[in-house]
Amino acid sequence: MAPKKQQPQELDTKKRKRTNTESHKSPSNSKSTKFVPSKKPKPHSDDKDKNKAPLTGRERRQNAKELSEARKKKRKRHFTLEQDLARLWEKMRRHEIAKDERSKLVTEALTKMKGKIHEIAGSHVTSRVLQTCVKHCSQAERDEVFEELRPHFLTLAYNAYAVHLVKKMLDNASKKQLTGFIDNLRGHVAPLLRHMVGSVVVEHAYELASAAQKQGLLLELYSTELQLFKDLVPEKETRLLDVMSKLGLQKGSVSRHMSSVIQPILEKGIVDHSILHRVLLEYFSIADKTSVTDIIQQLSSPLLVRIIGTKDGAKIGTFCVKYGSAKERKKIIKGLKEHIGKTAYHQYGCMVLVSILSVVDDTKLITKVIIRELQPILKELVFDKNGRRPLLQLLHPNCSRYFSPDELASMNSSIPCLSLKSEASSQTETSKVSIGDNDSKEDIEVKVPEVNEDKTSVDDTDLAEGGKKDPFVRRQELLINSGLAEGLLDVCIENVGELIRSNFGKEVVYEVATGGFGGILHPTLDDKINSLHKAIASLAALPKSEDSQEEHVLVNFFSSRTIRKLILDCPNFASILWEEALKGKSELWSHGHSCKVIAAFLESSDSKVQKLAKKELQPLIDNGTLKKQKSREEATQ
């Protein structure tokens, strides 16, 4: 309580002090007060501005521009040079300029830049000027620029603007210059790949390199020993496993080094480049189960969309689908959302969709994400070489007519540490898959199921290594239950004339008209299939006319062969075609491509089809107009 008692005393002392100071300051109490004459107030700066005329908008902008340029001159060493080059660039990049005049401007620009190119290449303005100069200059001038930049290429590779100049220089480089550049990358490949900009340079050099040079870039990412002793690796040994066995390298040390290279790149999301895809495939061949599973978990995300644009990347995508868990497959499919159409048209991306349709058991999710995006563009897909492949995989899985041996082998290949197949399986044979582009093809052993004797299909259970659902049930749910097959039939009926005459569309028409492999479309869609048969028959029933712009379906190269196959494989279509289009007209169509269609009735393995046409066709055979070939039953006996 003591502080509270002292409070009033303190207030009193403060009041006394305040009164004393006020009394000292008052002029009445001071005897020696001096009167100072008052000074006139200085005019305020606003008063001066009032006398001046206000600046116009144009003047204000001009002043701001001059101030900005003054600051840039202080900050940038070559600001004046950049301005001069920009003015020259505006003239030389025009399309209508004469070639001689452009050459003079390019020479003038290169003369001004000589000795300073590496200093100004990182500017967003001068980098564009240099690219134009390199594109239009003479070879001698281009060589001078290359030599000046040679010691600085690695530094420029990290610059966001200079990287475009480096790529342009590589595009126009001679073999000797390209070899020198790739040699300069030695020891810097991994750090560059970890950089968002630098990785673009490595990828560009990898694409332009020869097979031996590609191998040199890859060896640096495999092991420190291989990085130091590249010359010890034989040129013929291209697979990592072969190189390791040749040099006696330990799998554990190589795997750890590759993991230390790959993980930072994946963490930064730099997954677009083919050199990384190749390294990942080689890593899968030597890594243990845990390491491979971790990589698959990282890639099973929207990142996969950026990977599947290359041949090796599509194979990695197939592995992720095949060996990923149900949760990871769900992430992959959702990551492809809104990219399904673009992926279906892609040369390699379509194979990932084929794998999803063949492996994933969650047909409801596939229908919701993939099928729903494919249905509005069915017509375009049917006519496209790559777009039709997911549809053909559902209609006739793993058919060697629609997929090359390399593609079939790639779909059925496996990761050694995750493979569930028995090595002693009597129904498999070892095959080699070519991986890489034409310059650097390599063979990797994979297990490939034996193709049926008629070479039309392989057992589709092998592809679905990660799926538990019966393949036929999965196909039925994706084709019939989703409504995809019905929509496909409608497209075929509406565009039958255009489809059956096209190189790629005719195969979809054939599979749909026959009901698909295993009769997948029967009996649910029998009515629509019959409508398609009648639509084809109505085209065949049209009279032969030389004035018509389109070839008759019985004369056209693609359509005549498709109709012939349908006669041999689909008795119902053969009877409809005979009754509605060919009965009584056999002699008219017994010449040219159409004669093969007529002869197919006698080659059919169905006795009813043979009886339909035998009476009318036998006289044509007797007089030599029509040649009868052996039927399938006679050929197999």
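Residues take their numbers from the sequence shown, with the count starting at 1.
- Heavy atoms only, all atoms of each residue included: Leu374 and Ala344 are closest at CD2-CB, 4.2 Å.
- Nearest heavy-atom pair, Leu299 versus Cys320, reported as atom, atom and distance to 0.1 Å: CB-SG, 3.9 Å.
- Nearest heavy-atom pair across Gly487 and Leu378 is C-CD1, 3.7 Å.
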Does the side-chain hydrogen bond (donor to acceptor under 3.5 Å, both in side chains) test come out yes or no for His593 and Asn556, once each step is laid out? CA-CA 7 Å; His593 289 307; Asn556 181 269; over 6 Å; no

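- For the 3.5 Å distance criterion, the side chains of Glu267 and Gln298 fail to qualify, holding no donor opposite an acceptor.
- With a 4.5 Å cut-off on side-chain heavy atoms, His273 and Ile270 count as touching.
- Side-chain atoms of Ser482 and Glu477 include no donor-acceptor pair closer than 3.5 Å.
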Run the numbers on Leu484 and Gln375 for side chain to side chain contact (heavy atoms under 4.5 Å, CB included), then give the verdict. CA-CA 7 Å; Leu484 178 64; Gln375 282 176 328; 4.1 Å; yes

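- With Ser285 contributing its side chain and Glu282 its backbone, the two residues share a donor-acceptor pair below 3.5 Å.
- Counting only heavy atoms from C-beta outward, the side chains of Val553 and Thr562 never approach each other to under 4.5 Å.
- A donor-acceptor contact under 3.5 angstrom links the side chains of Tyr402 and Glu511, judged on distance only.
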Pair Leu478-Ile370, side chain to side chain contact (heavy atoms under 4.5 Å, CB included): steps then yes or no: CA-CA 10 Å; Leu478 293 175; Ile370 297 178; over 6 Å; no

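- Counting non-hydrogen atoms of neighbouring residues, nucleotides and ligands closer than 6.0 angstrom, the NZ atom of Lys528 exceeds 12 such neighbours.
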For Leu240 and Tyr283: C-alpha separation, side-chain torsions, deciding distance, then whether side chain to side chain contact (heavy atoms under 4.5 Å, CB included) applies. CA-CA 9 Å; Leu240 178 57; Tyr283 181 68; over 6 Å; no

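- Glu407 meets the salt bridge (Lys or Arg N to Asp or Glu O under 4.0 Å) test with Arg389; sequence neighbours excluded.
- The closest side-chain heavy-atom distance from Thr363 to Ile371 is not below 4.5 Å.
- Heavy-atom minimum distance, Gly592 versus Cys595: O-SG, 2.9 Å.
- Between the Asp526 side chain and the His522 main chain, no donor and acceptor come within less than 3.5 Å of each other.
- Side-chain N or O atoms of Ser604 include one that pairs as donor or acceptor with a backbone N or O of Asp606 at under 3.5 Å.
- For the pair Leu554/Leu582, a side-chain contact is recorded, criterion being any heavy-atom separation below 4.5 Å from C-beta on.
- With His552 contributing its side chain and Leu542 its backbone, the two residues share a donor-acceptor pair below 3.5 Å.
- Atom CG of residue Leu566 and atom CG of residue Asp569 lie 7.5 Å apart, to the nearest 0.5 angstrom.
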Start with the C-alpha gap between Arg474 and Asp361, add the side-chain angles, then the distance that decides, and say whether salt bridge (Lys or Arg N to Asp or Glu O under 4.0 Å) holds. CA-CA 7 Å; Arg474 185 190 299 110; Asp361 291 335; 3.0 Å; yes

Let me see the working for Arg401 and Tyr510 under side chain to side chain contact (heavy atoms under 4.5 Å, CB included), right down to the final yes or no. CA-CA 12 Å; Arg401 286 201 303 266; Tyr510 169 79; 3.4 Å; yes

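- Inspection of the Tyr348 and Asp312 side chains reveals no N or O donor paired with an N or O acceptor under 3.5 Å.
- Side-chain N/O atoms of His346 and Asn386 include no donor and acceptor closer than 3.5 Å.
- Across all non-hydrogen atoms, the minimal contact from Ile308 to Gly317 is CG2-CA, 4.3 Å.
- Counting only heavy atoms from C-beta outward, the side chains of Phe383 and Phe504 never approach each other to under 4.5 Å.
- For the residue pair Asn481/Gln476, the side-chain donor-acceptor check at 3.5 Å is not satisfied.
- Phe319 places none of its side-chain heavy atoms less than 4.5 Å from the side chain of Leu418.
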Please determine whether salt bridge (Lys or Arg N to Asp or Glu O under 4.0 Å) holds for the pair Arg501 and Glu551, giving the CA-CA distance in whole Å, both sets of side-chain angles, and the decisive distance to 0.1 Å. CA-CA 9 Å; Arg501 290 185 181 95; Glu551 280 187 306; over 6 Å; no

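- With hydrogens and angles disregarded, no donor-acceptor distance shorter than 3.5 Å links the side chain of Glu207 to the backbone of His204.
- With hydrogens and angles disregarded, a donor-acceptor distance shorter than 3.5 Å links the side chain of Ser560 to the backbone of Phe557.
- Judged by distance alone, the side chain of Glu486 and the main-chain N or O of Gly483 form no donor-acceptor pair under 3.5 Å.
- Judged by a 6.0 Å distance limit and a 45° cone about the ring axis, Arg561 is not positioned over the six-membered ring of Phe558.
- Comment: Arg564 engages Glu603 in a salt bridge, judged by a side-chain N to carboxylate O separation of less than 4.0 angstrom.
- Lys322 contributes a side-chain N or O that, together with a main-chain N or O of Met411, makes up a donor-acceptor pair within less than 3.5 Å.
- Between the side chain of Thr318 and the backbone N or O of Ala314, at least one donor-acceptor pair lies under 3.5 Å.
- Side-chain contact between Val271 and Ile265 is absent, with no heavy atoms from C-beta onward closer than 4.5 Å.
- At a threshold of 4.5 Å between non-hydrogen side-chain atoms, the residues Ile275 and Leu193 count as touching.
- Partners of Arg194 by side chain to side chain donor-acceptor pair (under 3.5 Å), not counting sequence neighbours: none found.
- Remark: the backbone N or O of Ala541 is not paired with any side-chain donor or acceptor of Glu580 at under 3.5 angstrom.
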